[in-house]
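Worksheet: one structure, shown below.
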Amino acid sequence: MGEIHEGVQQVQALLSEMGYGHTVVWLPDSARTAKEAADAIGCEVAEIAKSIIFRLKNSGQPLLVVASGTNRVNEKEIASYVQDELGKADADFVRERTGFVIGGVAPIGHSENMITIIDQDLLKFRTVWAAAGHPKAVFQLTPGELVAMTKGQVMSIQ
């Protein structure tokens, strides 16, 4: 498989290594946005666990916020929590620091460890869908599994 699929293979392997029986699903259309993903899967936009990477301005480190597909990140609230300003992460930064392309960033399997924040609104769903290393690849999991896999801090992101 080409480079474009390495991230998907990595996510699937990591899910297996972690003892989860989840299978990555290839969608016929792009799932680059939460709306596209929800339309392709047939679920509510809020059930999409979108991975958003920020660049912390002072430390230069990446920060992952896994948000419900309908929610916007309150950057001031998150900045206060991490005690650093949130900056935009461009495509090169995202690829370099996570190993994934924008639109396909999985909540697990990144190139390096990073602070992870999980949107508490995701916890109200029985299952959610997350990107799996490519804009057309996703996997389904429970919110509890998402928290366990990422070791993320659950909080309000709005």
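When a residue number appears, it is its place in the shown sequence, counting from 1.
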Working to the nearest 0.5 Å, report the span between [atom1] of [X] and [atom2] of [Y].
X: Ile78; Y: Gln153; atom1: CD1; atom2: CD; answer: 10.0 Å
X: Gln12; Y: His5; atom1: CD; atom2: NE2; answer: 13.5 Å
X: Asp121; Y: Thr70; atom1: CG; atom2: OG1; answer: 7.0 Å
X: Thr116; Y: Lys151; atom1: OG1; atom2: NZ; answer: 10.0 Å
X: Ile48; Y: Thr33; atom1: CD1; atom2: OG1; answer: 9.0 Å
X: Leu15; Y: Gln10; atom1: CG; atom2: CD; answer: 10.5 Å

Compare all side-chain heavy atoms of [X] with those of [Y] and state whether any distance is below 4.5 angstrom.
X: Val94; Y: Val101; answer: no
X: Val11; Y: Phe139; answer: yes
X: Arg126; Y: Thr142; answer: no
X: Glu112; Y: Arg97; answer: yes

Measure across [X] and [Y] and return the closest heavy-atom pair with its distance rounded to 0.1 Å.
X: His110; Y: Val105; value: NE2-CG1, 4.0 Å
X: Ala132; Y: Ala106; value: CA-CB, 4.2 Å
X: Thr150; Y: Pro107; value: CG2-O, 3.3 Å
X: Glu77; Y: Ser156; value: CG-O, 4.2 Å
X: Ile108; Y: Phe100; value: O-CE1, 3.4 Å
X: Ile102; Y: Pro135; value: O-CG, 4.2 Å

Where the side chain of [X] meets the backbone of [Y], is there a donor-acceptor pair that is under 3.5 Å apart?
X: Lys57; Y: Lys88; answer: no
X: Ser68; Y: Ala46; answer: yes
X: Thr127; Y: Gln140; answer: no
X: Gln61; Y: Leu56; answer: no
X: Asp119; Y: Val66; answer: no

Honestly curious: do [X] and [Y] fall in one hydrophobic cluster under the side-chain, below-4.5 Å linking rule?
X: Leu146; Y: Val24; answer: yes
X: Leu14; Y: Trp129; answer: no
X: Ile118; Y: Tyr20; answer: yes
X: Val73; Y: Met155; answer: yes
X: Ile157; Y: Phe125; answer: no

Next on the checklist: Test side-chain contact (heavy atoms from CB on, under 4.5 Å) on Thr98 and Met114; report intermediate values, then the result.
Outcome noted: CA-CA 9 Å; Thr98 69; Met114 61 187 72; 4.0 Å; yes
Item to check | Stepwise side-chain contact (heavy atoms from CB on, under 4.5 Å) test for Ile117 and Leu64 | outcome: CA-CA 6 Å; Ile117 296 172; Leu64 170 63; over 6 Å; no
Counting neighbours of [atom1] on [X] that are heavy atoms of other residues, nucleotides or ligands and sit closer than 6.0 Å, is the number greater than 12?
X: Asn58; atom1: CG; answer: yes
X: Gln120; atom1: CD; answer: yes
X: Gln83; atom1: CD; answer: no
X: Glu75; atom1: CD; answer: yes

Checklist entry - Does a donor on one side chain sit under 3.5 Å from an acceptor on the other, for Glu145 and His22? => result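 A pair is found: one side chain offers a donor N or O, the other an acceptor, under 3.5 Å apart.
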Item to check | side-chain contact (heavy atoms from CB on, under 4.5 Å) between Phe93 and Ile53, intermediate numbers included | outcome: CA-CA 9 Å; Phe93 181 86; Ile53 301 292; 4.2 Å; yes
